[in-house]
Protein chains: 2
Amino acid sequence: MQTQRQRELIEAAIHLTATEGIQKLTIRNVAAAIGVSEAAVYRHFESKHALLQAILEHLNTLLAPRFMLLLKQTDTPLAALKIFLDDLFSLLEHNAAFTLMLFAEETFNVDAELRPELMGLLEGNLSHLSSFYASIMEKGLCRTDLRPEQLALITFGTIRLTVSRWHLQKNENSLHAQLDALCNSLQTLFELQ
Amino acid sequence: MQTQRQRELIEAAIHLTATEGIQKLTIRNVAAAIGVSEAAVYRHFESKHALLQAILEHLNTLLAPRFMLLLKQTDTPLAALKIFLDDLFSLLEHNAAFTLMLFAEETFNVDAELRPELMGLLEGNLSHLSSFYASIMEKGLCRTDLRPEQLALITFGTIRLTVSRWHLQKNENSLHAQLDALCNSLQTLFELQ
DNA sequence: CTGATGTAAGTTAACGATGACTAACGTACA
DNA sequence: TGTACGTTAGTCATCGTTAACTTACATCAG
């Protein structure tokens, strides 16, 4: 169970990493962000590694419900994808913290011991998407000549590259401007032939 | 113009980064890799930043000809994509240095001053792929209901995620095993309807 | 109610490692 | 004789981490 202080530290760390990059995620900076001394951080996390683990766990709790939302929509599943992406891109645009969710394995590659957690996150995301495609295939709303895992890979890969690029452009263009094109492409490609 | 020593340093730095991660790319380690002292590095690059810039430039010279190869194939362009990916994945599998090419903007995000170079690399890759799709659209060998830029984004995004995942799995499965599925998916999706 | 005691959570001030970088000096060779 | 290229031995900043000490507060015996 997490204490209030631990949650504060995790959120500060996520904000720091999302806005300034992983190299700014130091105990010093996290401590300063919530206005305590460095040593105080160690009252709540026994090491930086433990803090990183807690961050990843927290990221997972942020992302998982979004996917659930995607899976629950049963009446118009292909529109649900649009809604899902709309929701996701809104979050990404207004809260830098959420961008970390999508790129956790890239960002936290710094700590080799974190590999299992990182794999778990990525595979989780992909398998949620796979389930989504599998279910709409069953309903006959999507082409079935490609495996759901492939559609998931294509979807997630394209989302990530779109967001990466948007970041690199210093958020010049609105992310939503590119969302329409992306949704349109995926729907056109994946609809029944 | 680059000297012999500069090229050695660049290659050592790339190898180091690709195998051990960006956090191990230190002047100390690069110096050790070619068997000289730290100070000696500064005889050839005035700062670490200059070394990073040189690395990016070198990466570009590695990747660009591969894309040229993709664009030159005129008789059977869709098979050329398979050949291109085959070549690329072979390189990735046998030489860690090449993985850096695909992920330069992720990896070198550490130095904020490098942003323009990183953007240039990514946009270059995407525009090569776009040209490829535009040209085979003209020849009537590819669906035209999606813009070439979108197909490029989907292709590159999926390639990157496939490779990212393969890395995370510690190269458990062969990359080529996933290549066939990937090629098949792209061809199925992009062929004339 | 009082006072002792334990604990949670903070502090300051260091530690050793390591980062990028530099000054001063040595040497081989055109 | 000067230039290219190397060395050793440092500078200074910052990293994760820890030791030693303080403070606030809850619990509980007398």
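In the text below, chain A, chain B and the rest are named by the order of the sequence lines, each starting its count at 1. None of these values were measured; they are calculated from a predicted model.
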- prompt: For B:H128, does the NE2 atom have more than 12 heavy-atom neighbours from other residues, nucleotides or ligands under 6.0 Å away?
  reply: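 More than 12 within 6.0 Å, yes.
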query: So what does B:R5 touch, heavy atoms closer than 4.0 Å: a base, only the sugar-phosphate, or nothing?
result: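 Touches sugar-phosphate only.
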Distance below 4.0 Å between [X] side-chain N/O and [N] OP1 or OP2:
X     : N      : value
A:S37 : C:dT11 : yes
A:R28 : D:dC15 : yes
A:H44 : C:dA8  : no

When you measure from the side chain of [X], which nucleotide among [options] comes out closest?
X     : options                : value
B:A40 : D:dT7, D:dT17, C:dG19  : D:dT7
A:K48 : D:dT17, C:dT11, C:dA24 : D:dT17
A:E38 : C:dG10, C:dT22, D:dT17 : D:dT17
A:I27 : C:dT18, D:dC15, D:dT17 : D:dT17
A:S47 : D:dT17, C:dC25, C:dT11 : D:dT17
A:T26 : C:dC25, C:dT22, D:dG16 : D:dG16

Send over the distance from [X] [atom1] to [N] [atom2], rounded to a whole Å.
X      : N      : atom1 : atom2 : result
A:N29  : D:dG16 : CG    : C1'   : 13 Å
B:D111 : C:dA20 : CG    : P     : 11 Å
A:K24  : C:dG19 : NZ    : C1'   : 15 Å
B:H49  : C:dG19 : NE2   : C1'   : 18 Å
B:F45  : C:dT22 : CZ    : C1'   : 18 Å
B:Q23  : C:dA20 : CD    : P     : 12 Å
B:R43  : C:dA23 : CZ    : P     : 11 Å
B:E8   : D:dG6  : CD    : P     : 9 Å

No-hydrogen, no-angle side-chain donor-acceptor test under 3.5 Å, B:N95 and B:H15: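 Looking only at side-chain atoms, B:H15 and B:N95 do not form any donor-acceptor pair under 3.5 Å.
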message: When you compare the side chains of B:Q178 and B:T162, does any donor N or O come within less than 3.5 Å of an acceptor on the partner?
response: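 No.
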message: Check this for me, if you would: do B:R165 and A:E105 make a salt bridge, where the nitrogen-to-carboxylate-oxygen distance has to be below 4.0 angstrom?
response: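 So B:R165 does not pair with A:E105 through a salt bridge.
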query: Going by the angle between their ring planes, with limits at 30° and 60°, are B:F84 and B:F67 parallel, tilted or perpendicular?
result: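 B:F84 and B:F67: tilted rings.
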